[in-house]
Participant: 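Pasting in a structure now, in structure tokens, and then I'll have a few things to ask.
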Amino acid sequence: RKEVEQDPGPFNVPEGATVAFNCTYSNSASQSFFWYRQDCRKEPKLLMSVYSSGNEDGRFTAQLNRASQYISLLIRDSKLSDSATYLCVSSLGAMDSSYKLIFGSGTRLLVRP
Amino acid sequence: GAGVSQSPSNKVTEKGKDVELRCDPISGHTALYWYRQSLGQGLEFLIYFQGNSAPDKSGLPSDRFSAERTGGSVSTLTIQRTQQEDSAVYLCASSSTSSRNGELFFGEGSRLTVL
């Protein structure tokens, strides 16, 4: 079983739609969580950290459910430029530590005009 | 440059040959990571350096893989006697311990093809 599991998609949505991705992690000792974005044939880049109380960054909202060991990402008012693969990430280290990150295989999002 | 630099960007080699992949992290970043990504797959952790030491090398797939870091900066990942299953994009990342969120900054990767 993978440590971080995601639905690979693809999610194919029209512009303006709201889309949600879920991810589950298997190690209950995981302390910090992130969403990274990876464009086709490019390197991953941090989209946002995930805080226990949930957090929002513009059109993006991330939530964490420690009891169920899942993380979610909600994208509102989808733009064409949101088309990418979204990687769910966990770490056994604290958010400001340099411990290794464990990546899921990613969920692919396609936003159509 | 300001970002993580990796070389070569592309490497095609024959099965059985040795290859060296280089990573130059962001200046001042003490943590350095190697991951690999096979086609359509997620990132697989290989090894992590804090300074010149490697507290976690648990992801190295076999003893054909080794990595070193010198001067707390440049790192080299060496794959001996390459096999076709080694074909992947090898990604290097660095982070600063002074970062509030431990963000990893990735290089563009070294695409390895073993024929």
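Sequence lines set the chain letters: A, B, ... in the order given, protein chains first and strands last, and positions in each chain run from 1.
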Participant: Which heavy atom of Asn55(A) sits nearest a heavy atom of Met48(A), and at what distance?
Facilitator: ND2-CE, 3.4 Å

Participant: Determine which residues belonging to residues 57-92 of chain A lie within contact range of chain B, meaning some heavy atom pair is under 4.5 Å apart, and list them by number or answer 'none'.
Facilitator: Leu87(A)

Participant: What side-chain donor-acceptor pairs closer than 3.5 Å can you find for residues 37-49 of chain B, not counting sequence neighbours?
Facilitator:
| from | atom 1 | to | atom 2 | distance (Å) |
| --- | --- | --- | --- | --- |
| Gln37(B) | OE1 | Gln38(A) | NE2 | 2.9 |
| Gln37(B) | NE2 | Gln38(A) | OE1 | 3.0 |
| Gln37(B) | NE2 | Gln41(B) | O | 2.9 |
| Glu44(B) | OE1 | Arg36(B) | NE | 2.8 |
| Tyr48(B) | OH | Ser98(A) | O | 3.4 |
| Tyr48(B) | OH | Ser98(A) | OG | 3.2 |
| Tyr48(B) | OH | Gln50(B) | NE2 | 3.2 |

Participant: What part of Lys100(A) is in contact with chain B, defined as an atom under 4.5 angstrom from a non-hydrogen atom: side chain, backbone, both or neither?
Facilitator: both

Participant: Step by step, would you call Val4(B) with Phe106(B) a side-chain contact (heavy atoms from CB on, under 4.5 Å)?
Facilitator: CA-CA 6 Å; Val4(B) 176; Phe106(B) 284 87; over 6 Å; no

Participant: My understanding is that only one of Ser96(B), Ser95(B), Ser94(B) makes a side chain to side chain donor-acceptor pair (under 3.5 Å) with His29(B); could you say which?
Facilitator: Ser94(B)

Participant: Please report the shortest heavy-atom distance between Asn52(B) and Ser73(B), naming the atom on each side.
Facilitator: OD1-N, 4.5 Å

Participant: Checking heavy atoms, do the side chain of Phe105(B), its backbone, both or neither come under 4.5 Å from chain A?
Facilitator: neither

Participant: Between Leu104(B) and chain A, with a heavy-atom cut-off of 4.5 Å, which part of the residue counts as in contact: side chain, backbone, both or neither?
Facilitator: both

Participant: So what's closer than 4.5 Å to chain A heavy atoms on Ser58(B): side chain, backbone, both or neither?
Facilitator: side chain

Participant: Hey, does the side chain of Thr107(A) reach the backbone of Asp7(A) with a donor-acceptor pair shorter than 3.5 angstrom?
Facilitator: yes

Participant: Do the side chain of Arg64(B) and the main chain of Arg81(B) share a donor and acceptor less than 3.5 angstrom apart?
Facilitator: yes

Participant: Please determine, among Arg41(A), Glu43(A), Gln6(A), the option with the most heavy-atom pairs under 4.5 Å with chain B.
Facilitator: Glu43(A)

Participant: Between the main-chain N or O of Thr76(B) and the side-chain N or O of Arg69(B), is there a donor-acceptor pair closer than 3.5 Å?
Facilitator: no

